[in-house]
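Report on one structure; see the data block that follows.
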Amino acid sequence: LVMSGVKEYSTVSINEHSNLYEKFLKAIESGSSIKFSVVYGDVTVIKDTDYEYLFGASYATRKEQIIEYQNKLEDVYSALGSRVVKNHVILDNGVRLVTFDTDKQVLINFGELDAATPYGTVKANDYLLVERGEE
């Protein structure tokens, strides 16, 4: 978070993890971009190579997913008015409250249960933009 607003950075390749949405939430938490690893063209050429782990990363099959996640992320940052993290607080049980330099906030719940907070209830494995006046 020290580099927030100073240098552009991204998550690890979110499609290389079993829970893409959790990595998406990590991007929001850190004010970062998202990254996908893909293979453009015939993915069978990577069979029996060091890149075989990318076999399921065909650009043709991931394109819509990439667009969907990027659009969601842009919507969040647009609503927050910034990607620069000003403050980060761990509230409880995997719930984080992140304040951006616009003083807008987002709750992020990495837990498996919905979490009631003084700022609102955030669903399990999801985020909630904190409305003005709830601070």
Side-chain angles (χ1 to χ4, degrees):
L1 297 179
V2 172
M3 298 302 290
S4 182
V6 177
K7 184 167 176 75
E8 179 72 24
Y9 53 95
S10 72
T11 61
V12 296
S13 295
I14 68 175
N15 62 312
E16 292 179 18
H17 296 274
S18 59
N19 188 339
L20 275 69
Y21 198 73
E22 180 180 294
K23 297 303 176 189
F24 169 77
L25 294 176
K26 286 285 188 187
I28 296 171
E29 179 185 23
S30 62
S32 67
S33 299
I34 54 173
K35 180 175 90 172
F36 281 79
S37 291
V38 295
V39 175
Y40 189 83
D42 182 11
V43 296
T44 61
V45 300
I46 62 173
K47 185 177 181 181
D48 298 324
T49 71
D50 290 342
Y51 302 101
E52 194 167 27
Y53 68 95
L54 290 171
F55 198 76
S58 167
Y59 175 74
T61 59
R62 294 280 184 174
K63 179 181 176 183
E64 294 303 317
Q65 184 180 50
I66 293 167
I67 292 169
E68 174 190 353
Y69 273 89
Q70 183 59 39
N71 286 341
K72 279 184 189 182
L73 191 64
E74 288 175 11
D75 289 347
V76 170
Y77 290 147
S78 177
L80 292 168
S82 177
R83 295 172 47 155
V84 180
V85 175
K86 178 176 157 182
N87 194 24
H88 180 277
V89 178
I90 298 173
L91 297 178
D92 193 27
N93 296 325
V95 178
R96 277 88 161 127
L97 177 66
V98 183
T99 305
F100 290 78
D101 68 349
T102 56
D103 288 327
K104 293 186 179 179
Q105 299 174 307
V106 64
L107 284 168
I108 302 170
N109 183 359
F110 291 104
E112 295 178 11
L113 300 172
D114 293 358
T117 76
Y119 307 94
T121 299
V122 59
K123 294 184 179 185
N125 198 38
D126 209 353
Y127 70 93
L128 175 70
L129 298 171
V130 175
E131 295 295 325
R132 256 187 212 277
E134 292 184 15
E135 300 174 38

Inset, instruction - Could you grab the distance from atom CD of Q70 to atom CD1 of I34, nearest 0.5 Å is fine? - result: 5.0 Å

Legend entry - V95 with V89, same ILVMFWY side-chain cluster at under 4.5 Å: yes

Inset, instruction - Return the minimal non-hydrogen interatomic distance between Y77 and I28, and the atom names on each side. - result: OH-CA, 3.8 Å

Inset, instruction - Starting at OG1 of T121, measure out to CG of D126 and round the result to the nearest 0.5 Å. - result: 12.5 Å

Legend entry - Heavy-atom side-chain proximity of F100 to V85 below 4.5 angstrom: yes

Inset, instruction - Please answer: with hydrophobic residues joined when any side-chain heavy atoms are less than 4.5 Å apart, are Y21 and L113 in the same cluster? - result: no

Inset, instruction - Look at atom CD of E74 and say whether more than 12 heavy atoms of other residues, nucleotides or ligands are closer to it than 6.0 Å. - result: yes

Legend entry - Nearest heavy-atom neighbours spanning S33 and A27: O-CB, 4.2 Å

Legend entry - From OH (Y69) to CZ (R62), nearest 0.5 Å: 9.5 Å

Inset, instruction - Would you please test V98 and I108 for side-chain contact (heavy atoms from CB on, under 4.5 Å) and show each step? - result: CA-CA 8 Å; V98 183; I108 302 170; 4.3 Å; yes

Legend entry - Heavy-atom side-chain proximity of L128 to T117 below 4.5 angstrom: no

Legend entry - Those residues that, when tested against E22, pass side chain to side chain donor-acceptor pair (under 3.5 Å) (two or more places apart): none

Inset, instruction - May I ask you to establish whether K26 and F110 are in a cation-pi arrangement, using a distance under 6.0 Å from NZ or CZ to the six-membered ring centre and at most 45° from the ring axis? - result: yes

Legend entry - For D114 against K123, the heavy-atom pair lying closest together: OD1-CA, 3.3 Å

Legend entry - Backbone N/O of L129 and side chain of Y119: donor-acceptor pair under 3.5 Å: no

Inset, instruction - Mind checking the CG-OG spacing from L73 to S32? Nearest 0.5 Å is all I need. - result: 7.5 Å

Inset, instruction - Could you grab the distance from atom OG of S78 to atom CZ of R83, nearest 0.5 Å is fine? - result: 12.0 Å

Legend entry - Side chain T102, main chain L80, donor-acceptor under 3.5 Å: yes

Inset, instruction - Measure the CG-CD distance between L97 and E29 for me, rounded to the nearest 0.5 Å. - result: 11.0 Å

